[in-house]
Undergrad: 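This is the structure I have questions about; it appears just below.
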Amino acid sequence: MSFVQRREKLLASLIRPLVLFSGGAISRNYPANTYPFRADSNFLYFFERPEPGSAALFDPSDKTVTLFLPERTMGDALWHGEVESFDAVKLRSGVQRVLAVEQLETHLQTIAKGRQLDAVAVADFKSTQRARHVTGQDLQFDDPTKVGRGEVLDAIAALRLRKGPEELAEMRKTAIVTHEAHVEAMKASKPGVKEELLAGLVEGAFARSGCVQAYGTILSVRGEVLHNHHHGNTLAAGDIVLLDAGAEGEAGYCSDVTRCWPVGGAFSP
């Protein structure tokens, strides 16, 4: 099922306009130094290669989708390279309109014509705050009762629940990459090797295949600590390495695999 078909199916199930947010780039220690961007999963389901800070309006009254993107500036082109124009994104994505997200509130007032809007909370606090502002709803990402209106969440879940062939193919790709990463770590597990080297091999294997970590890599000879993210130990003979790691592809689908093996590759009696 294409992104256009997914959006059409969602539009057919809505009774009032819905605004979805991709989430923004979250600062690591100062505004311009951000963590790697990962779009909200619902937004990823409906749009290919979402941009940080973008939003979309699904309007069931005329079956249109309006995509809101950050304005293109000369400064952006200088620092980050040329970015697709609004017209190019409109043509590629198949939406009816592409407008500047900086004027989101003004655009929504014009398009919605006073109708009540729905939205869904996302992990990025600032985006959820904006969703609360434009809808008047009490939205909170970390409260299951306030993520969004039940009917809206059910409509999205009904679409995402059954995976199509293109989704299964993405999952199978990440499974292959995850397998390769585990095998690479197994081969390098010898006495004297540091856990951080193995973790680097795992994450490097993901990167070589165009993937990222689906979650923080858990690699440790302290396997009794189930979610140990510290990689400071040195492997010794007799240790058991635990690796819990999975690759995530561009579309957001991923794998999650946990395995344990002996340092040096052979179990003792």
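Residues: numbered from 1 along the sequence shown. Excluded from the calculations below are hydrogen atoms, water molecules and symmetry mates; all remaining heavy atoms, backbone and side chain alike, are included. As the structure is a prediction and not an experimental result, all values here were calculated from the model.
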Undergrad: Look at Glu224 together with Arg222 and state whether they make a salt bridge at an N to O cut-off of under 4.0 Å.
TA: yes
Undergrad: Decide if atom NZ of Lys63 counts as having more than 12 heavy atoms of other residues, nucleotides or ligands within a radius under 6.0 Å.
TA: yes
Undergrad: Is there a path of hydrophobic side-chain contacts, each under 4.5 Å between heavy atoms, that joins Leu104 and Ile111?
TA: yes
Undergrad: Given the rule that I, L, V, M, F, W and Y join up when any side-chain heavy atoms are under 4.5 Å apart, are Leu201 and Phe206 in one cluster?
TA: yes
Undergrad: Between Ala56 and Leu67, what is the shortest heavy-atom contact and its length?
TA: CB-CD1, 4.2 Å
Undergrad: Can you see which heavy atom on Ala185 is nearest to which on Leu198, and at what distance?
TA: O-CD2, 3.7 Å
Undergrad: Do Glu203 and Thr217 have side-chain atoms, one donor and one acceptor, less than 3.5 Å apart?
TA: yes
Undergrad: Of all the heavy-atom pairs spanning Gly24 and Asp124, show the shortest one and how long it is.
TA: N-OD2, 2.9 Å
Undergrad: Kindly compute the distance separating CG (Leu242) from SG (Cys260), expressed to the nearest 0.5 Å.
TA: 4.0 Å
Undergrad: Can you tell me how far the CG atom of Leu10 sits from the CG atom of Leu18, to the nearest 0.5 Å?
TA: 6.0 Å
Undergrad: Closer than 4.0 angstrom, basic N to acidic O: yes or no for Glu167 and Arg160?
TA: no
Undergrad: Nearest 0.5 Å, please: how far is CG in Leu69 from CG in Leu99?
TA: 9.0 Å
Undergrad: If you count the non-hydrogen atoms of other residues, nucleotides and ligands that lie under 6.0 Å from CZ in Arg28, is the total more than 12?
TA: no
Undergrad: I'd like to know if Asp138 pairs up with Arg132 as an ion pair, taking the criterion as any Lys NZ or Arg NE/NH1/NH2 lying under 4.0 Å from an Asp or Glu carboxylate oxygen.
TA: no
Undergrad: Do Arg6 and Tyr45 form a cation-pi contact, if we require the NZ or CZ to be under 6.0 Å from the six-membered ring centre and within 45 degrees of the ring's axis?
TA: yes
Undergrad: Within a strict 4.5 Å, meaning less than it, do heavy atoms of the Met171 and Lys163 side chains meet?
TA: yes
Undergrad: Could you please spell out the steps behind the salt bridge (Lys or Arg N to Asp or Glu O under 4.0 Å) verdict for Glu48 and Arg92?
TA: CA-CA 9 Å; Glu48 183 181 20; Arg92 173 177 61 79; 3.7 Å; yes
Undergrad: Heavy atoms only: give me the nearest Val4-Ser93 pair and the separation to one decimal.
TA: CG2-O, 3.6 Å
Undergrad: For a side-chain hydrogen bond (donor to acceptor under 3.5 Å, both in side chains) check, start with the C-alpha distance between Ser22 and Ser54, then their side-chain angles and the critical distance, and finish with the verdict.
TA: CA-CA 5 Å; Ser22 70; Ser54 54; 3.1 Å; yes
Undergrad: Give a yes or no on whether the ring-centroid distance for Phe46 and Phe58 is below 6.0 angstrom.
TA: yes
Undergrad: Within this structure, what is the NZ-CD1 distance for the pair Lys173 and Ile176, rounded to the nearest 0.5 Å?
TA: 9.5 Å
Undergrad: Where do Arg38 and Glu248 come nearest, in terms of heavy atoms and distance?
TA: NE-OE2, 3.0 Å
Undergrad: Evaluate Val221 against Leu235 for side chain to side chain contact (heavy atoms under 4.5 Å, CB included), listing each step before the verdict.
TA: CA-CA 7 Å; Val221 294; Leu235 279 60; 4.0 Å; yes
Undergrad: Can you tell me how far apart CG (Leu243) and OG1 (Thr258) are? Round to the nearest 0.5 Å.
TA: 7.5 Å
Undergrad: Looking at Arg149 and Glu151, does any basic side-chain N land under 4.0 Å from a carboxylate oxygen?
TA: yes
Undergrad: Taking side chain to side chain contact (heavy atoms under 4.5 Å, CB included) as the criterion, tell me which of Asp40, Val19, Ile156 meets it with Val120.
TA: Ile156
Undergrad: Considering only NZ, NE, NH1 and NH2 on the basic side and carboxylate oxygens on the acidic side, decide whether Glu180 and Lys187 come within less than 4.0 Å.
TA: no
Undergrad: Determine whether Thr64 and Asp62 satisfy the following criterion, side-chain hydrogen bond (donor to acceptor under 3.5 Å, both in side chains), listing intermediate values before the conclusion.
TA: CA-CA 6 Å; Thr64 61; Asp62 57 6; 2.7 Å; yes
Undergrad: Roughly how far apart are Leu11 CG and Asp59 CG, rounded to 0.5 Å?
TA: 8.0 Å
Undergrad: Does a sphere of radius 6.0 Å around NE2 in His107 hold more than 12 heavy atoms from other residues, nucleotides or ligands, not counting ones at 6.0 Å or beyond?
TA: yes
Undergrad: Specify the closest pair of heavy atoms between Glu84 and Arg49, including all atoms of both residues, with the distance to one decimal.
TA: OE1-NH2, 4.3 Å
Undergrad: Check the pair Phe47, Val95 against side chain to side chain contact (heavy atoms under 4.5 Å, CB included), reporting the backbone distance first and the verdict last.
TA: CA-CA 10 Å; Phe47 297 96; Val95 298; 3.9 Å; yes
Undergrad: How far apart are the C-alpha atoms of Arg16 and Ser61, what are their side-chain angles, what is the distance that settles it, and do they pass the side-chain hydrogen bond (donor to acceptor under 3.5 Å, both in side chains) test?
TA: CA-CA 8 Å; Arg16 62 195 197 195; Ser61 66; over 6 Å; no
Undergrad: Give a yes or no on this: more than 12 heavy atoms of other residues, nucleotides or ligands lie within 6.0 Å of atom CD of Gln103.
TA: yes
Undergrad: Please lay out, stage by stage, how Glu184 and Arg208 fare under the test salt bridge (Lys or Arg N to Asp or Glu O under 4.0 Å).
TA: CA-CA 13 Å; Glu184 194 163 332; Arg208 287 198 302 272; 2.8 Å; yes
